[in-house]
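Heads up: numbering here begins at 1 and tracks the sequence.
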Amino acid sequence: SEPFESILFLHSQPPLLNIVIFLMDFIKGHIYDNFVILNSILIGAIASLILKILFDITKRLFMSMILSFCYVIFPTTLLNVGYPFYQCISAFGYMLLIYSFHLTNYDKSRAFIYFFFSCLLLSLTRSSFTILHTLSFIIIFYYYIFSFKLPSKKFLMTIFFTFIFSIIIPVKNLILYDFFGTSSWAPLNISKGLGIPRQDGYMISPNKILNIYPSLKCENSYHSQDTRLIKSNGEANYNSCIVLEYSKIVKKEKLKGYSLIKHSKRVLSNTVQYFSPSDKYFFLKNRDSIEPYANFINYLQLSVPITSKRDSRNLLVHEIRFTLILILSSALFYSFIFRDKFLLICLILVMIHFFTHALTDGSEGKRFVFDVEFIFFIMIGIVIKSTQKFKKINKS
């Protein structure tokens, strides 16, 4: 009913998902159906760019088509298309980022445009893609093209606008709510992810927070969206300014009670979650409809149980897909053997994404890994080509 206010006074997360939901409601038809259509378009675009990148690099159309099609029919892809959340949007953002690096060898002007839009899209979608991530990729992009030599004016303009647009939401939150960032939950997520014990927990309802801190007051509040403790559907309002104030309390404690041993155990658990079969993420409720197929694909990925723990659907919680480890190891080997800068960029992006989540809030790694899962299909194609090239060199 108040789309502008709902975006302006949203401090718990970046605004793009809410904007998309507003547009899905504005368009004729049911919101869920419209979201599935949007997700399908985004997945189609990702698959098309997988095909384009692989064909440009390998010149093998059939292999490129097969791998892009495999991504489309991958169990996690099929399930996320029907999941009305930000997964497909953020995956598309990371694809644009990878594609911008690929394009630098063909059309630098277009590469700059794609780089700008990818950083903007990701910073407006995922709180885990912070201004530090934007700056890191700017430096990597600069080195990738210019090797730290004098950059072009177009590049400088691209970086300027990328930076300015990436800080719009953090600056808005700083002005309105006295914190610089895209999510007021950041201290809660980070402290929880680091394994710092807290008797009352972290993501707790505003009512429970007030029970613990009865004198807690909101320093900044403007609208029913950030003042109400309960949403119109009866659920807790985690965008309440009370949650923001609680987050400030956690932030002021400055990681008090941090234990390297506990954090290390959590990182290990997060790592296993990240490399577990992503189709088993607990919010993908429709996995049952493709269970035999999904299990078969997990078998092909050499999914091996690490523990016997199972979730409410009787699915294994901790597994490792050794195929992913093999792909990453092969890509690392060939990127150094052949000095393949693009393959190395693929690895760097996956590693940055992995460490971002594994070191902090990686307990839902099965969900997060979908952001970059398409990169594994790109790496498979490049590794196949590199393996054949390596064999020819050894024979000669």
Side-chain angles (χ1 to χ4, degrees), residues 11-14 16-17 85-87 89-91 93-94 97 119 121-137 139-140 166-167 169-170 173 177 179-204 238-239 243-244 246-276 278 281-283 306 317-318 320 324 328 347-373 375:
H11 58 72
S12 58
Q13 64 188 41
L16 187 60
L17 179 63
F85 206 38
Y86 61 67
Q87 267 72 17
I89 300 172
S90 56
Y94 277 105
L97 185 58
C119 290
L121 183 63
L122 289 167
S123 62
L124 291 178
T125 307
R126 294 293 308 278
S127 60
S128 62
F129 194 89
T130 64
I131 188 63
L132 292 177
H133 288 80
T134 301
L135 292 173
S136 297
F137 281 112
I139 294 170
I140 294 168
S166 294
I167 63 170
I169 301 303
N173 287 331
Y177 296 104
F179 78 93
F180 184 82
T182 55
S183 174
S184 57
W185 296 350
L188 304 177
N189 289 334
I190 292 172
S191 296
K192 180 183 176 183
L194 293 177
I196 298 173
R198 192 170 195 85
Q199 183 179 354
D200 304 302
Y202 286 96
M203 292 309 296
I204 55 179
Y238 289 96
N239 191 70
V243 176
L244 171 59
Y246 180 58
S247 183
K248 289 179 181 178
I249 291 172
V250 172
K251 185 179 180 180
K252 286 177 182 176
E253 292 176 356
K254 297 180 179 178
L255 308 182
K256 184 180 178 182
Y258 173 78
S259 167
L260 180 60
I261 295 174
K262 288 182 179 178
H263 186 203
S264 299
K265 288 180 180 178
R266 189 171 285 267
V267 169
L268 182 60
S269 175
N270 293 345
T271 299
V272 174
Q273 290 283 352
Y274 193 89
F275 289 102
S276 290
S278 51
Y281 175 56
F282 55 81
F283 272 120
I306 303 299
V317 175
H318 299 112
I320 287 286
L324 299 192
L328 290 172
L347 277 166
I348 289 172
L349 196 151
V350 171
M351 288 298 100
I352 289 176
H353 186 271
F354 162 70
F355 282 114
T356 296
H357 294 291
L359 295 176
T360 54
D361 61 339
S363 59
E364 293 187 43
K366 290 186 181 74
R367 168 161 66 98
F368 300 140
V369 72
F370 182 71
D371 289 343
V372 296
E373 219 156 22
I375 299 178

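- You'll find the side chain of Q13 stays beyond 4.5 Å of the side chain of T182, heavy atoms only.
- In this view, H357 and H353, F368 satisfy the ring pair (Phe, Tyr, Trp, His ring centres under 6.0 Å) rule, not counting sequence neighbours.
- For F370, the ring pair (Phe, Tyr, Trp, His ring centres under 6.0 Å) test picks out no residue, with sequence neighbours left out.
- Not counting sequence neighbours, the partners of E373 by the side chain to side chain donor-acceptor pair (under 3.5 Å) test are S278, R321.
- Judged as a ring pair (Phe, Tyr, Trp, His ring centres under 6.0 Å), and not counting sequence neighbours, the contacts of Y258 are H263.
- R266 is linked by a salt bridge (Lys or Arg N to Asp or Glu O under 4.0 Å) to nothing, counting only residues two or more places apart in sequence or in another chain.
- The side chain to side chain donor-acceptor pair (under 3.5 Å) search around S90 returns D371, not counting sequence neighbours.
- Partners of Y202 under the side chain to side chain donor-acceptor pair (under 3.5 Å) rule, at least two apart in sequence or in another chain, do not exist in this structure.
- Residue pairs meeting the salt bridge (Lys or Arg N to Asp or Glu O under 4.0 Å) criterion with at least one partner in residues 248-262, sequence neighbours excluded, are R198-E253, E219-K248, E245-K248.
- Under the rule for a side chain to side chain donor-acceptor pair (under 3.5 Å), S269 has no partner lying at least two apart in sequence or in another chain.
- Judged as a ring pair (Phe, Tyr, Trp, His ring centres under 6.0 Å), and not counting sequence neighbours, the contacts of Y177 are H11, Y222.
- Applying the side-chain contact (heavy atoms from CB on, under 4.5 Å) rule to F180 yields the partners I131, I167, P170, V171, L174; only residues at least two apart in sequence or on another chain are considered.
- Proximity of a side-chain donor or acceptor of T125 to a complementary backbone N or O of L121 within less than 3.5 Å is detected.
- By the side-chain contact (heavy atoms from CB on, under 4.5 Å) test, I140 is found to be paired with F101, F137, I345, I348, I352, residues two or more places apart in sequence or in another chain being considered.
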